[in-house]
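Sequence lines set the chain letters: A, B, ... in the order given, protein chains first and strands last, and positions in each chain run from 1.
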There are 2 protein chains.
Amino acid sequence: MAAELPVPRCSVSCYDDCVLPPAKLTGRALADDPIAKMGTLVRYPRGAEIFGQDQPAEYLYQVVTGAVRTFRILTDGRRQICAFHLPGDYFGLEPGDQHASYAFAISDVQAIVTERELVARRADRRRDVAKQLLVIRGKEIQNLQDQTLLLTKTAEERIAWFILQMARRTTSSSTVSLPMPRRDIADYLGVTVETISRTLGQLESAGWIESMSPRQIQLKNQAALIRLVS
Amino acid sequence: MAAELPVPRCSVSCYDDCVLPPAKLTGRALADDPIAKMGTLVRYPRGAEIFGQDQPAEYLYQVVTGAVRTFRILTDGRRQICAFHLPGDYFGLEPGDQHASYAFAISDVQAIVTERELVARRADRRRDVAKQLLVIRGKEIQNLQDQTLLLTKTAEERIAWFILQMARRTTSSSTVSLPMPRRDIADYLGVTVETISRTLGQLESAGWIESMSPRQIQLKNQAALIRLVS
DNA sequence: GTACAATATTGATCTAGATCAGAAACCGCC
DNA sequence: GGCGGTTTCTGATCTAGATCAATATTGTAC
């Protein structure tokens, strides 16, 4: 399952249509981002392990296309999804020098992979690199704050929030793609898959969303969803 | 309620015995910590507001004595405690330039207060300052990861975890002090005060803890608590 | 296309913890 | 010390969402 770092092949995936076209983000990343410029583009096939918990954290990753989940396995066997990483997002910059989570490719993934040590050395000399590292951690803090806030809310609020967040992070059209299976969403929001299903059903009955397929939903009444998460 | 920055007075508090004697931590902070050296010591009386949500985040704080809570007020009126800050802990280094939370003194507090702009300028020139900022954010990420993990667990596990964490963060003796009221613990752990009370009662019946007073408990069977949070 | 496995939905119970209500303990103050 | 407000504890219900169980749908491989 583990993918060696240079994996220069990419199978065709049924989820390819679920993810954001990478063009503009790659452009931004390569132009404005001092770290991405240092790295090399690596491809991971769907389901591949990008890194494992407790492995040495040697690389820093930025998603270019596809979707990545990072998660931890708890002692009771439960799985906690830490985050979903979409094009433009960084992951793998752990507080320690060991990965605190697993990272797997949800769909086929292209990512810019940079040696952490190289980044660290560069940050010593260049302020913009040091600044960028601080910004990456700042974003991660905000995501975690959102997640903790979320975990104190009702299932309906969590799921509405998740849909809106995915809408914001992927295409801005009213069609939201959920590249990950229900199990992942459940483990991220701290509810069961059954609750996800039921609640999506309720939101659809209310006429606020419409499900095209399990991985593709339409926003019919975004304002109502926003009011719900307020 | 808002405390102007130089508040050079300190009333005597009944909670003074609940907090860690500051000597060794202050020593470490001033000696090893390149940021703390830049700041000035400020006192806040119990209950004082240190900063408010949406205020410009001009300062960075490090607790020297006492305890601070940071929290957010949600749109539904509920209060979410973000963190408790004990001697040695930094707070106020927001991802943005506005505070995302309130900070209040739980007991009388002494804190080293440093201008963020000064820190930022210094970080441009000195690698150790830039590094320290990254470390502070790294610690915050770990705390938030712990909290998200916690919020998916049962009330008993959350409370046992909280006691152990407080034991670790304050004196290492078997007596744990909880300087904050039950309401704060409840809002931090995402349970009700009633559940806190009942669960502490259960832990006491099990012979794992013994409550000296509401704010002071003895660990009778630390191993059992650790097994519980595993 | 057909078949099989994985994923998602729907239905019927059960329970941890919320909520509501009140009693007891504690603290600061005079 | 005794008083009044806050904090904590205890008891009785209620409910959101978990769990258990079965069915339906979807995607993949042949």
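- Here D:dC9 presents its P atom at 13 Å from CZ of B:Arg183, a figure rounded to the nearest Å.
- One interatomic measurement links the two molecules: CG of A:Leu151 to C1' of D:dA18, which rounds to 16 Å at whole-angstrom precision.
- Between B:Arg215 and C:dC26, a side-chain N or O to OP1/OP2 separation shorter than 4.0 Å is absent.
- Rounded to whole angstrom, the span from the CZ atom of A:Arg46 across to the P atom of D:dA29 amounts to 8 Å.
- Within 4.0 Å of A:Val191, counting heavy atoms only, lie sugar-phosphate atoms of the nucleic acid but no base atom.
- Between A:Lys153 and B:Asp76 there is no salt bridge, since no side-chain N of the basic residue sits under 4.0 Å from a carboxylate O of the acidic one.
- Rounding to whole angstrom units, CD1 of residue B:Ile159 and P of D:dT8 are separated by 13 Å.
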Reading nucleotides 20-26 of chain D from 5' to 3' and marking B where a protein heavy atom lies under 4.0 Å of the base, S where only the sugar-phosphate is that close, and - otherwise, the string is B------
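- Using a 4.0 Å cut-off, no side-chain N or O of B:Arg182 falls inside it from OP1 or OP2 of C:dC26.
- Ring orientation note: the planes of B:Phe104 and B:Tyr102 are tilted relative to one another, at an angle of 30° to 60°.
- Following rounding to the nearest Å, A:Glu156 (CD) and D:dT15 (P) show an atom-to-atom distance of 17 Å.
- Panel note: side chain A:Thr152, backbone A:Leu149; a donor-acceptor pair is recorded below 3.5 Å.
- Between the side chain of A:Asp108 and the main chain of A:Arg46, a donor-acceptor pair closer than 3.5 Å is present.
- Distances shorter than 4.0 Å separate some side-chain N or O of A:Thr192 from OP1 or OP2 on D:dA18.
- In this structure, the CG atom of B:Asp76 is 15 Å from the C1' atom of C:dT19, given to the nearest Å.
- Using the six-membered ring where Trp is involved, A:Tyr61 and A:Phe51 have ring planes that are tilted, between 30° and 60° apart.
- Phosphate proximity of C:dT10 to A:Ser197: absent, as no side-chain N or O sits under 4.0 Å from OP1 or OP2.
- Judged by distance alone, the side chain of B:Arg69 and the main-chain N or O of B:Phe84 form no donor-acceptor pair under 3.5 Å.
- Ion pairing between A:Arg78 and A:Asp187 fails under the 4.0 Å rule for side-chain N and carboxylate O.
- Heavy-atom distances to DNA chain D give each of A:Ala155 and B:Ile196 a nearest nucleotide, and the one nearer the 5′ end belongs to B:Ile196.
- For the pair A:Gln202 CD and D:dA16 C1', the computed distance is 11 Å after rounding to whole Å.
- Per the geometry, CD1 belonging to A:Ile185 stands 17 Å off P belonging to D:dG17, to the nearest Å.
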